[in-house]
Amino acid sequence: MDAPQTGRSVRRKEGRAKLTGQALYVDDVAPAGVLHGVTVRSPIARGVVTGIHFDPAIDWDEFTIVTAADIPGVNRVKLIVDDQPYLASDVVNHAEEPVVLVAHADRARAEDARRRIRIDVDPRPPVFTIDEALAKREVIWGEDNVFKRYRVSKGDVERALGLAAIVVEGEYETGAQEQLYIEPNGMLAVADPEHGITVWGSMQCPYYIHAALARLFAVPEERVRVVQMETGGGFGGKEEYPSMLAGHAALLAWKSKRPVKMIYGRAEDMVATTKRHPSRTRHRTAIDREGRLLAMDIDFVIDGGAYCTLSPVVLSRGTIHAAGPYSCPNVRVSARAVATSVPPHGAFRGFGAPQSIFALERQMDRVAAAAGLSPEEFRRRNFIRPGETLAVGQTIKEPVNMPALLDRALAMSSYRAKRERFTRENGRGGPARKGIGFATFMHGAGFTGSGEVHLRSIVSVDVSREGNVRVLAASTEIGQGTNTIFSQIAADALGIDPDDIEIVRPDTSEVPNSGPTVASRTCMVVGKLVETAALSIRHTLVDSGYLGAVYDREHFFAACERYVDAFGRLRASSQYEPPSGLTWDDEQYVGDAYGTYAWAAYVAEVTVDLTTWTTRVDDFVAVQEVGRVINPTLAAGQIEGGVAQGIGWALYEDVVWREGRMLNAQMTNYIMPASMDLPDIRVYFEEVPYPNGPGGAKGIGELPMDGAAPAIVNAVAQATGANLTRLPLTPERLMAAMEMSVA
Amino acid sequence: MARLLDVLRQQAGLTGTKEGCGEGECGACAVRIDGELVNSCLVPAAHAANASIQTIEGVAARGDLHVVQEAFLEHGGAQCGICTPGMVLAAVDLLERFPHPTEAQVRAALAGNLCRCTGYMRIFESVLEAARRISASRL
Ligand code: FES
Ligand code: FES
């Protein structure tokens, strides 16, 4: 057999189709007789619906119109708490909440009709900020506006704070971030009582939609089929919202008995779908005279918007990452996700961790200064080492070496020399100030705690008589490389080429539920299932005697043919089994929060212009340990893309709110990084095989979102000397912070 | 007034040209009209009457990938692929005008094409590699 396929930059499996324009996204298909669906939304943030008014100037018989009253089953999007309606009826809880759906064969007529429907709402007082939500003057959700609370507790924080030589306090805030996948959300549906419901669309999690539609229509799950089309970016933004949109398209299809397509325009996608949760974090950190951490007291709050959606799990990941890769005997994290009257925030790459890590890594730089230590020396004295325990009580069993990662990142970026030089040169004055800063962090791979055990994911591999090897999984290709890495992993297990492997398009009528495509779990968790199922095919062939222990491709295909002739079919499945020795207590929030972590040190170099208050990132170094790398080109592409999103979140991407709606819902005035805005992003992988991952791999997708913002803001802090605590660090915010520092 | 983008996608069935914003910001809808790179979401179809229009479907000649497409495939220039058709056309356009671009020129030429997935690094690499291959093939 040839050299392993994992570890090589095998070309993207569907790359040719994408490069030639042949790849089909949902808006690229238009079945005969298709209608175009549009959504009429709440005009204000909160109130009681008093009426729906249809402009008598047009003939409404031409249109299919759906309201909450048309829903055959349960008017709740199935997720965690099931509080969000598909269509609001008596009350609205956020601006842009869907109330009426309209469809017409002519897209322009549908759009015109949308504008001719008026939702009358009697206003109720809205809640727009974390502080207002916590003040509870207006209770908009449950008893106290809190979706979820967690408390992590290790040692005795109060006592340690009382005895400490130095205590540093800090408060940090991060803003909402728009997903801005370049393909907006879209769905196509056919549905009728006789044939059931089928949807095709842009999505990350086919089986979430599958379960949601069964409930919406009160039909058995066998009557629902969900098919993923090529998906133009996800980042978490196509984790939960597609259940809503699939429901809408299917409701219109059910009523009209015609195929219905709903494709959001950019502005609608920006105002109505999920964004990254805004956050506020407060720290009190105690250290001893040697600069060792004694206590970390962390209060972490995220703004979940009007419905619960995924806020509890976003909060969970943010909570577990809040104390970072440090060893500290006394830690308390008290965490809350609160309700406000804005469209629900949701999953977005990093899933709560970027927010709490931003706060922590800013705080660590400030604590270092208070201790009279350099940022790197302070980290070095406190990094977690094998055998020590994280805040949640997880003992580190893997050979993590944070000092080595940091050293490499500092060396690659010439950090020390530059730090000194910038300090010297900034002292001379002038409008351009330079800074260099870093962040050190970790990111747990896979679902939190017992999540993977509950999911019980399954992958199948089957082989036809002709030797067509197919991997069947519900894990979606959203640009991150699922198709390619699965074929590499299966090829290695079977001793054949990645080109010999077909990755079946996720279609719930054909593929088993391998779980959602989220949480950096696809490579590590589902990839492992692919490996196991493929190995079991190989063992079946060897055990049957048709295949020798040592063989080449031709032998493999000959053996498949003989096996299928003899036994009729060749198929193997594999189901998730937790690695041994992991325990997790959901009540106390202690134990092995994740099977493993990726570890990283990122360095950013910036120039700040004190006349325009703009910040430019001049260089970026990303060093990480993510187990073994399956495909270096794809993996580096993940890191670079995540860092770019992190740079956007840190400096440019500012959601401007007015009365609970996004004002700047256009690419013209919501600014994401373009080709001229980014520095060279230099990526280095330290490879330490992880025994429970396929070919030694861990998760990778979310990690790069965590480190860019704190590294950049730490660099700007060096450049300006200002105390910077809020993201995004727009010119206005930087100017204000500088004026505060001077005053 | 029909947009060129809609005529291409809905009437001509050329769905390789994508719509990312509909307002001239993202470049996913980029095509070339008589050799000039434009955002087809901003062009009234009537303006393109009798002109020669090149879309992504016309970049690979008779099934052979263009060097730019080859380079994107090898260097990881495409991830989710939605920005890719516009990106490829912008790159082809650049290399026809400037066969030996610097990285700064590549960055400037692609400034109107937004990509949320890649962070652009591998796109720059792909375009520079395509330029190298074009000059090598001319030696
Ligand atoms: S769709 Fe034309 S520029 Fe974005
Ligand atoms: S590859 Fe996804 S937007 Fe560029």
Side-chain angles (χ1 to χ4, degrees), chain A residues 9 11-12 14-25 27-30 107 179-184 230-235 263 265-267 477-481 631 633-634 636-645 647-648 666-668 672-676 678 680-683 704, chain B residues 6 9-10 13-28 55-60 63 65-66 68-70 72-88 103-104 106-125:
Chain A
S9 289
R11 289 172 165 207
R12 175 175 288 278
E14 76 293 350
R16 196 186 164 94
K18 285 175 171 171
L19 280 153
T20 53
Q22 301 305 307
L24 289 180
Y25 300 77
D27 198 23
D28 299 339
V29 292
R107 205 182 263 211
Q179 305 273 354
L180 229 65
Y181 29 64
I182 304 296
E183 179 208 31
E230 203 68 69
T231 296
F235 317 120
I263 306 291
R266 178 57 58 188
E477 169 66 61
I478 54 175
Q480 84 286 45
N631 184 314
T633 292
L634 295 183
Q638 282 295 291
I639 302 298
E640 290 152 6
V643 166
Q645 287 177 349
I647 292 174
Q666 283 179 297
M667 283 179 165
T668 329
M672 64 162 268
S675 61
M676 309 277 277
L678 295 172
D680 248 354
I681 300 169
R682 299 185 284 141
V683 177
Chain B
D6 298 324
R9 288 179 51 83
Q10 290 157 26
L14 295 168
T15 55
T17 305
K18 305 301 182 192
E19 174 162 5
C21 68
E23 56 180 24
E25 280 292 320
C26 75
T55 68
I56 188 66
E57 287 87 349
V59 173
L65 294 185
H66 187 284
V68 167
Q69 292 167 313
E70 273 292 335
F72 267 66
L73 197 49
E74 222 158 273
H75 292 265
Q79 288 190 20
C80 82
I82 198 79
C83 72
T84 307
M87 209 56 98
V88 166
E103 187 187 311
V106 173
R107 283 176 178 259
L110 301 181
N113 295 77
L114 296 178
C115 175
R116 190 59 153 170
C117 297
T118 62
Y120 306 99
M121 298 299 126
R122 269 145 226 283
I123 293 177
F124 304 153
E125 215 178 292

> So A/L19 and B/E70, side chain to side chain contact (heavy atoms under 4.5 Å, CB included) or not? Walk me through it.
Replying inline: CA-CA 9 Å; A/L19 280 153; B/E70 273 292 335; over 6 Å; no
> Side chain, backbone, both or neither: which part of B/E19 has a heavy atom under 4.5 Å from chain A?
Replying inline: backbone
> Is chain A contacted by the side chain of B/A28, its backbone, both, or neither, given a heavy-atom distance below 4.5 Å?
Replying inline: side chain
>> Under 4.5 Å from any heavy atom of chain A, what part of B/H75 do you find: side chain, backbone, both or neither?
In response: backbone
> Which bit of A/P673 is near chain B, if near means a heavy-atom gap under 4.5 Å: side chain, backbone, both or neither?
Replying inline: both
> Heavy-atom distance under 4.5 Å to chain B: side chain of A/A23, backbone, both or neither?
Replying inline: backbone
>> For A/R266, is there an ion pair with B/E23 - N to carboxylate O distance below 4.0 angstrom?
In response: no
> Taking it one step at a time, do B/D6 and A/R107 satisfy salt bridge (Lys or Arg N to Asp or Glu O under 4.0 Å)?
Replying inline: CA-CA 11 Å; B/D6 298 324; A/R107 205 182 263 211; 5.9 Å; no
> Between the side chain of B/R9 and the main-chain N/O of A/D27, is any donor-acceptor distance below 3.5 Å?
Replying inline: yes
> Which bit of A/Q22 is near chain B, if near means a heavy-atom gap under 4.5 Å: side chain, backbone, both or neither?
Replying inline: side chain
>> Between B/F124 and A/S675, does the side chain to side chain contact (heavy atoms under 4.5 Å, CB included) criterion hold? Intermediate values first, please.
In response: CA-CA 9 Å; B/F124 304 153; A/S675 61; 3.7 Å; yes
> Does B/Q79 offer a backbone N or O that forms a donor-acceptor pair with the side chain of A/K18 under 3.5 Å?
Replying inline: yes
> With no hydrogens and no angle check, is any side-chain donor or acceptor of A/R12 less than 3.5 Å from a backbone partner on B/L73?
Replying inline: no
> What part of A/A17 gets closer than 4.5 Å to chain B, counting heavy atoms only: side chain, backbone, both or neither?
Replying inline: neither
> Is there a donor-acceptor pair closer than 3.5 Å between any side-chain N or O of B/Q69 and the backbone N or O of A/R16?
Replying inline: no
> Checking heavy atoms, do the side chain of B/V88, its backbone, both or neither come under 4.5 Å from chain A?
Replying inline: side chain
> chain A heavy atoms under 4.5 Å from B/T84: which part of the residue, side chain, backbone, both or neither?
Replying inline: side chain
> Where does A/I647 contact chain B at under 4.5 Å (heavy atoms): side chain, backbone, both or neither?
Replying inline: neither
> Given the rule in the side chain to side chain contact (heavy atoms under 4.5 Å, CB included) test, do A/M667 and B/L114 qualify, once you have shown the distances and angles that lead to the verdict?
Replying inline: CA-CA 10 Å; A/M667 283 179 165; B/L114 296 178; 4.1 Å; yes
>> Below 4.5 Å, heavy-atom pairs only: which of A/G648, A/G15, A/A267, A/G637 has the largest tally toward chain B?
In response: A/G637
> Quick one: what part of A/L634 sits under 4.5 Å from any heavy atom of chain B, side chain, backbone, both or neither?
Replying inline: neither
>> So, taking the atom named CD1 in B/I82 and the one named CD1 in A/I478, what distance separates them when rounded to the nearest 0.5 Å?
In response: 13.5 Å
> By a 4.5 Å heavy-atom criterion (distance strictly below it), what part of B/R122 contacts chain A: side chain, backbone, both, or neither?
Replying inline: both
> How long is the gap from OH on A/Y181 to SG on B/C117, to the nearest 0.5 Å?
Replying inline: 12.5 Å
>> Among B/A78, B/G76, B/A60, which residue has the highest count of heavy-atom pairs closer than 4.5 Å to chain A?
In response: B/A78
>> Do A/M672 and B/R116 have side chains that approach each other closer than 4.5 Å (heavy atoms only, starting at C-beta)?
In response: yes
>> Does either side chain, that of B/E25 or that of A/Q666, offer a donor lying less than 3.5 Å from an acceptor on the other one?
In response: no
> In terms of heavy-atom proximity below 4.5 Å to chain B, should A/T20 be classed as side chain, backbone, both, or neither?
Replying inline: both
>> Please determine whether a side-chain nitrogen of the Lys or Arg among B/E74 and A/R11 lies less than 4.0 Å from a carboxylate oxygen of the Asp or Glu.
In response: yes
